[in-house]
Amino acid sequence: MFVDQYSDQLFYRHKKIEDLVKQGVEPYGEKYEVTHHSQSIHAKFTGLEGKTVSIAGRIMTKRGHGKASFAHIQDSEGRIQLYIRQDSVGEEKYDLFQNLDIGDIIGATGEVFKTRTAEITVNISSFRLLSKSLRPLPEKWHGLKDVELRYRQRYLDLIVNPEVRNVFITRSKVIQSIRDFLTKADFLEVETPVMHNVAGGATARPFITHHNALDLDLYLRIATELHLKRLVVGGMEKVFELGRIFRNEGISTNHNPEFTSVEIYQANADYEDMMKLTEELVASVAQKVLGSLKVDYQGRELDFSLPWPRKDLLQVIQEFTGVDFSDIPDDSGARKAALAQGLEIEGNEKRGEIILTFFEKFCEDRLWGPVFVKDYPVEVSPLAQRCRYNPQFTYRFETFMAGKEVANAFTELIDPLDQRERFEQQVKERVAGNEEAHMMDEDFLTALEYGMPPTGGLGIGIDRIIMVLTNSPSIRDVILFPTMRPK
RNA sequence: GGGCCAUUAGCUCAGUUGGCAGAGCACCUGACUUUUAAUCAGGGUGUCCCAGGUUCGAAUCCUGGAUGGCUCACCA
C-alpha cells in the first residue's frame, strides 16, 4: 500500500476512499442534476424560500453539532450554507456526511430556508459524493499567500482566493468587450499563423521551433503585424487579430514571454485615427466592464475620459530632461547629450536611438497618462511612415498608462522601396550583433509591391490594459499560468 | 546576468545569545440537533529548501547550489 510516504492527512484520505468503496459508495461519481447555483439562491431567496433546489460544489467549511451539521459549499458563483440533520437523511447517510472532508465535491438537494442567524441555507434531504479530494486545501482564513504556489497551482489560488477569480472574470469581459467593440465597428476578426518563417513586426528575439516533416526551423510570432498588413493588401480594409504572441526576453512584473495582443488595421486611415480608436476603445471597455471611466491603480487615479492628451516625443523629453533634440541635428551631438546625462555610449549610436533611450530612461515610467506620445525617430520605427514635416521622424505613437506602454501604432509604411531600405538597415544592425533587429522579409515586400492602401495600424497589450483595469501590480496576476522555471 | 530578501507541519506564520521543533487553522479520537473563524476534552503529524563546513552541539553561523519575490541590467 501507500502508507509510509504519505503525510498523515494524505494517509487518512486514501484510507477514507478504501472505506467508502467498502461501503459501496463511489468516490468519483456521475454528474449531479443541478438546478441552482449559490448566488442565484441568495438573490432569489424570496421566491425560493421553502422550495427544493439541487446544487453542487466543493465543501469549504464544515461544522458538526452531533446529529446535525452545517457546511458551506462553493460553486462557480460563490458559496452557500448547507444544513443537514440525521433525522432528515437517515443515520447511514448522516455518518457518510460527517466523514466528508473539506475539499470534497458533493451534490445536494433540499429546501431553501433562513437560519435563526438569518443566513440563507439549504436544508439537505439528500446528497451524493461527486469527487473525493485527496489533498487538504490551503487554510480557510488566510488563504494561499505563497506566490510561487499561487502561480504554479493556480487552481488552488482560484479555490481559496475569491478575488483572483474576479480578476480573471474581468479579463474575460475585457477581451469580450474589445471583440464586441471592433466587430460592431465592422472590423473583421482573422487568424494568421503563429509559426513564422521570418519573425517580424516587432523588435524582439523570437522562440525557435522545428517542423519535422519539412525539416524546417520556424519562429513563434513576435507580432501579428506583417500578416495583417498582407490582408490589407488583399483588400480586407478593416481587420484585427486578438491572440498570443511570444518574445524570448526577460521576465518582469511587466513582461511575460507569452502574452496577448490585439492588432488592428484600417485602410484609408492614419495614426490620428488610431489615436481616436485607442481612446474610444479603452474608454468603452472601462465603462462597460467597470462601469466607470476612472479607476484606481495602486493608490492613484487613472481617468480615461476623452480626449486623452497628445504630446510630441521631443516635447516630453524636453519636459523631463531639459534636453531639446530639435536643437541637436546629428548623431555625434546626440551622443554628447547622452554622455552629459550619464548614459553609457558605445560610439556608434544613431540620433534616433539616443532619443528613444532618453525617452525610455528618463520619461516613460513617469508618464501616468493615459497619454499619447507621438512622432518617433525613423531609426527605431522601421515599419512606420516618415513624417512629411521631417523624414527623420515617423507617424508613430505609443500610449502610456501608469508608466507602462500599453499601445503602439503608426501610419503604416506602404512604400515598398522605403520599406526595403528600412529592412536593409535593420539587417545591417542584425549583422552587427543586434539580435532584436528585423530580418529581411522578401515575402512581405512582394506584398507591398502590389500596392497597399494608406493604412493606420494599432497594437494594444491586452495584459497590461487588464493590469490597469484590475489594479494588478504584476503581469503574472492577470495571466492564469505565468511562465515559471520547472521546479 | 548583478544586488537585496524569502524558503520551518497540508496552509498561514513564530522560533530569543548556537542548547530537546512551536502556534493557529487543517487533520485524528470522543461529546454536542440552527452553527458560522461553532464550542468542549484529548492527540503534533516535520528531509527546518538542498549539499558541504565551523562547533561538544546548527532551523540559527560560514561556503556553494535550487526555487521564488522585489530591483537594476536586458527587453519597445
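Chain letters run A, B, ... following the sequence lines, proteins first and then strands; every chain starts at 1.
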Asker: Whole angstroms only, please: what is the CD1-C1' distance between A/Ile84 and B/rU35?
Answerer: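 In whole Å, B/rU35 C1' lies 14 Å from A/Ile84 CD1.
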Asker: So A/Val380, base contact, sugar-phosphate only, or nothing? Heavy-atom distance under 4.0 Å.
Answerer: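 A/Val380: base contact, heavy atoms under 4.0 Å.
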Asker: Please report the distance, rounded to the nearest Å, between CG in A/Leu100 and P in B/rC28.
Answerer: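 Nearest whole value for this atom pair: 11 Å.
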Asker: Please report the C-alpha distance between A/Phe362 and A/Phe320 in whole Å, then the side-chain angles of each, then the deciding distance to 0.1 Å, and finally whether the ring-ring contact (aromatic ring centres under 6.0 Å, His included) criterion is met.
Answerer: CA-CA 7 Å; A/Phe362 304 127; A/Phe320 282 109; 9.8 Å; no
Asker: Distance check needed: B/rU67 P versus A/Gln153 CD, whole Å only.
Answerer: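 That distance rounds to 17 Å.
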Asker: Could you tell me the Watson-Crick or G-U partner of B/rC61, where both distances fall under 3.5 Å? Say none if there is no partner.
Answerer: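 Partner of B/rC61: B/rG53.
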Asker: Looking at B/rA37, which nucleotide sits across from it as a Watson-Crick or G-U wobble partner, both distances under 3.5 angstrom, or is there none?
Answerer: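 The base-pairing partner of B/rA37, which may sit in any strand shown, does not exist here.
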Asker: Is there a donor N/O on one and an acceptor N/O on the other, under 3.5 Å, for the side chain of A/Gln9 and the base of B/rA26?
Answerer: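 Looking at the base of B/rA26, it does pair with a donor or acceptor on the side chain of A/Gln9 (distance under 3.5 Å).
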Asker: Look at all strands and tell whether A/Lys16 reaches a base, only sugar-phosphate, or nothing, counting heavy atoms closer than 4.0 Å.
Answerer: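 Touches sugar-phosphate only.
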Asker: Rounded to whole angstroms, how far apart are NZ on A/Lys140 and C1' on B/rA26?
Answerer: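 That distance rounds to 8 Å.
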Asker: Would you call the rings of A/His196 and A/His227 parallel, tilted or perpendicular if under 30° counts as parallel and over 60° as perpendicular?
Answerer: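 Tilted: the ring planes of A/His196 and A/His227 meet at 30° to 60°.
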Asker: Which of parallel (below 30°), tilted (30 to 60°) and perpendicular (above 60°) describes A/Phe97 and A/Phe127?
Answerer: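 Perpendicular, since the angle between the ring planes exceeds 60°.
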Asker: With C1' as the reference atom in both, quote the distance from B/rA59 to B/rG18 in angstrom, rounded to an integer.
Answerer: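 Taking atom C1' in both B/rA59 and B/rG18, they lie 11 Å apart.
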Asker: Distance check, C1' atoms only: B/rG10 and B/rG44, in whole angstrom units.
Answerer: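 Comparing C1' positions in B/rG10 and B/rG44 gives a spacing of 13 Å.
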Asker: So, using ring-ring contact (aromatic ring centres under 6.0 Å, His included) as the criterion, who are the partners of A/His36 when residues are at least two apart?
Answerer: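 Not a single residue meets the ring-ring contact (aromatic ring centres under 6.0 Å, His included) criterion with A/His36.
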Asker: Grab the two heavy atoms, one from A/Pro136 and one from A/Leu10, that are nearest each other, plus how far apart they are.
Answerer: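 Minimum heavy-atom separation between A/Pro136 and A/Leu10: CD-CD2, 4.0 Å.
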Asker: Could you verify whether a donor N or O on one side chain and an acceptor N or O on the other, from A/Ser125 and A/Glu111, lie under 3.5 Å apart?
Answerer: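 No, no side-chain donor-acceptor contact under 3.5 Å.
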Asker: Taking the side chain as C-beta and beyond, is there a heavy-atom pair between A/Tyr94 and A/Gln98 under 4.5 Å?
Answerer: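 A/Tyr94 reaches A/Gln98 side chain to side chain.
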Asker: Is A/Glu364 touching bases, backbone alone, or none of the nucleic acid, heavy atoms closer than 4.0 Å?
Answerer: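 Nothing, no heavy atom under 4.0 Å.
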Asker: Can you find a side-chain donor-acceptor pair between A/Gln74 and A/Arg58 that sits under 3.5 Å?
Answerer: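 Side-chain D/A pair, A/Gln74 to A/Arg58: absent.
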Asker: When rounded to the nearest 0.5 angstrom, what is the spacing between CE in A/Met439 and CD in A/Gln426?
Answerer: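 Interatomic distance, A/Met439 CE to A/Gln426 CD, rounded to 0.5 Å: 11.5 Å.
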Asker: Using purine N1 to pyrimidine N3 plus N6-O4 or O6-N4 for Watson-Crick, or N1-O2 and O6-N3 for G-U wobble, each under 3.5 Å, what pairs with B/rG1?
Answerer: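 Checking every strand shown, B/rG1 finds its partner in B/rC72, with both distances under 3.5 Å.
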Asker: Is there a donor-acceptor contact under 3.5 Å from the side chain of A/Thr411 to the main chain of A/Tyr271?
Answerer: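 Between the backbone of A/Tyr271 and the side chain of A/Thr411 there is a qualifying donor-acceptor contact (under 3.5 Å).
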Asker: Let me know the distance between CD of A/Gln98 and C1' of B/rG30, rounded to the nearest Å.
Answerer: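 Taking CD of A/Gln98 and C1' of B/rG30, I get 12 Å after rounding.
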Asker: Which value, in whole Å, describes the distance between the P atoms of nucleotides B/rC11 and B/rC48?
Answerer: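 Result for the P pair: 15 Å, nearest Å.
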Asker: Which pairs, protein N/O on one side and nucleotides 68-75 of chain B N/O on the other, fall under 3.5 Å?
Answerer:
from: B/rG68; atom 1: OP1; to: A/Arg485; atom 2: N; distance (Å): 3.0
from: B/rG68; atom 1: OP2; to: A/Arg485; atom 2: NE; distance (Å): 3.2
from: B/rG68; atom 1: O4'; to: A/Glu148; atom 2: OE1; distance (Å): 3.0
from: B/rG69; atom 1: OP1; to: A/Arg476; atom 2: NE; distance (Å): 3.2
from: B/rC70; atom 1: OP2; to: A/Arg476; atom 2: NH1; distance (Å): 3.1
from: B/rC74; atom 1: OP2; to: A/Lys361; atom 2: NZ; distance (Å): 3.0
from: B/rC75; atom 1: O3'; to: A/Glu249; atom 2: OE2; distance (Å): 3.4
from: B/rC75; atom 1: O2'; to: A/Glu249; atom 2: OE1; distance (Å): 2.2
from: B/rC75; atom 1: O2'; to: A/Glu249; atom 2: OE2; distance (Å): 2.7
from: B/rC75; atom 1: O2; to: A/His255; atom 2: NE2; distance (Å): 2.7

Asker: Pairing check on B/rC11: which nucleotide meets the Watson-Crick or G-U wobble criteria with it, both distances under 3.5 Å?
Answerer: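 Answer to the pairing question: B/rG24, which forms a Watson-Crick or G-U pair with B/rC11.
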Asker: Would you please test A/Gln341 and A/Lys361 for side chain to side chain contact (heavy atoms under 4.5 Å, CB included) and show each step?
Answerer: CA-CA 10 Å; A/Gln341 293 286 326; A/Lys361 294 274 187 232; over 6 Å; no
Asker: Give me the distance, rounded to whole Å, that separates B/rU55 from B/rU16 when you measure between the P atoms they each carry.
Answerer: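 Going atom to atom, P in each nucleotide, I get 23 Å.
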Asker: With a cut-off of less than 4.0 Å, is there a side-chain N or O of A/Arg116 near OP1 or OP2 of B/rU35?
Answerer: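 For B/rU35, OP1 or OP2 has a side-chain N or O of A/Arg116 closer than 4.0 Å.
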Asker: Taking the ring centre of each residue, are A/Phe246 and A/Tyr219 less than 6.0 Å apart?
Answerer: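 For A/Phe246 and A/Tyr219, the ring centres are not under 6.0 Å apart.
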Asker: Just to be sure I understand the rule, does A/Leu149 reach a base, reach only the sugar-phosphate, or reach nothing, if contact means heavy atoms closer than 4.0 Å?
Answerer: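 Sugar-phosphate, backbone atoms only, no base.
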Asker: Considering only atom C1', compute the distance from B/rC70 to B/rC62 and round it to an integer number of Å.
Answerer: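 It works out to 26 Å between them.
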Asker: Any residue in residues 118-130 of chain A with a heavy atom nearer than 4.0 angstrom to RNA chain B? Just list them by number, or reply none.
Answerer: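 Per residue number, the list reads A/Glu119.
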Asker: Should A/Lys350 and A/Glu379 count as an ion pair when the cut-off is N to O under 4.0 Å?
Answerer: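 No, no charged N to carboxylate O under 4.0 Å.
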Asker: Should the ring pair A/Phe423 and A/Phe444 be called parallel, tilted or perpendicular, given that the plane angle runs from 0 to 90° and is split at 30 and 60?
Answerer: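 Rings of A/Phe423 and A/Phe444: perpendicular, as their planes differ by over 60°.
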Asker: What pairs of nitrogen or oxygen atoms, one from the protein and one from nucleotides 4-6 of chain B, lie under 3.5 Å apart?
Answerer:
none

Asker: Give the ring-plane orientation class for A/Tyr83 versus A/Phe113, where under 30° counts as parallel, over 60° as perpendicular and anything between as tilted.
Answerer: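 Geometry flag for A/Phe113 against A/Tyr83: tilted rings.
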Asker: Could you check A/Asp101 against A/Gly143 and say which one's nearest nucleotide on RNA chain B is further toward the 5' end?
Answerer: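 It is A/Gly143 whose nearest nucleotide is closer to the 5' end.
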Asker: A/Phe113 near the nucleic acid: base, sugar-phosphate alone, or nothing, with a heavy-atom cut-off under 4.0 Å?
Answerer: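 Base: the residue A/Phe113, judged by heavy atoms under 4.0 Å, touches a nucleobase.
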Asker: Write down the distance separating the C1' atoms in B/rC32 and B/rG42, rounded off to the nearest Å.
Answerer: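 Per the computed distance, 16 Å lies between those C1' atoms.
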Asker: Determine the Euclidean distance between corresponding C1' atoms of B/rC27 and B/rU34; express it in Å to zero decimal places.
Answerer: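 It works out to 26 Å between them.
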Asker: Which residues within residues 60-70 of chain A lie with some heavy atom under 4.0 Å of an atom in RNA chain B?
Answerer: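 The stretch gives A/Arg63, A/Gly64, A/His65, A/Gly66, A/Lys67, A/Ala68, A/Phe70 as the residues lying under 4.0 Å from the strand, ordered by number.
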Asker: Taking atom P in both B/rG57 and B/rA38, what distance in whole Å separates the two?
Answerer: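 My reading of the P atoms in B/rG57 and B/rA38 gives 47 Å.
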Asker: Distance alone, cut at 3.5 Å: any donor-acceptor contact between the side chains of A/Thr224 and A/Glu263?
Answerer: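 Distance-only check passes for A/Thr224 and A/Glu263.
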Asker: Calculate the interatomic distance between A/Phe11 atom CZ and B/rA9 atom C1'; express it in whole Å.
Answerer: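 Value for this atom pair: 18 Å.
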Asker: Of the nucleotides B/rC27, B/rU33, B/rC11, which one has an atom closest to the side chain of A/Asp87?
Answerer: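 Closest nucleotide among those given: B/rU33.
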Asker: Send over the distance from A/Leu10 CG to B/rC28 P, rounded to a whole Å.
Answerer: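 After rounding, the gap between these two atoms is 12 Å.
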Asker: Of all residues at least two apart in sequence or in a different chain, which pass the ring-ring contact (aromatic ring centres under 6.0 Å, His included) check with A/His65?
Answerer: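 By the ring-ring contact (aromatic ring centres under 6.0 Å, His included) rule, A/His65 matches A/Phe70.
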Asker: Would you say the base of B/rG24 stacks on A/Trp141 (centre-to-centre below 5.5 Å, plane angle below 30°)?
Answerer: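 A stacking contact does not exist, since A/Trp141 is not both close and nearly parallel to the base ring of B/rG24.
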Asker: Please report the distance, rounded to the nearest Å, between CD in A/Glu139 and C1' in B/rU12.
Answerer: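 After rounding, the gap between these two atoms is 5 Å.
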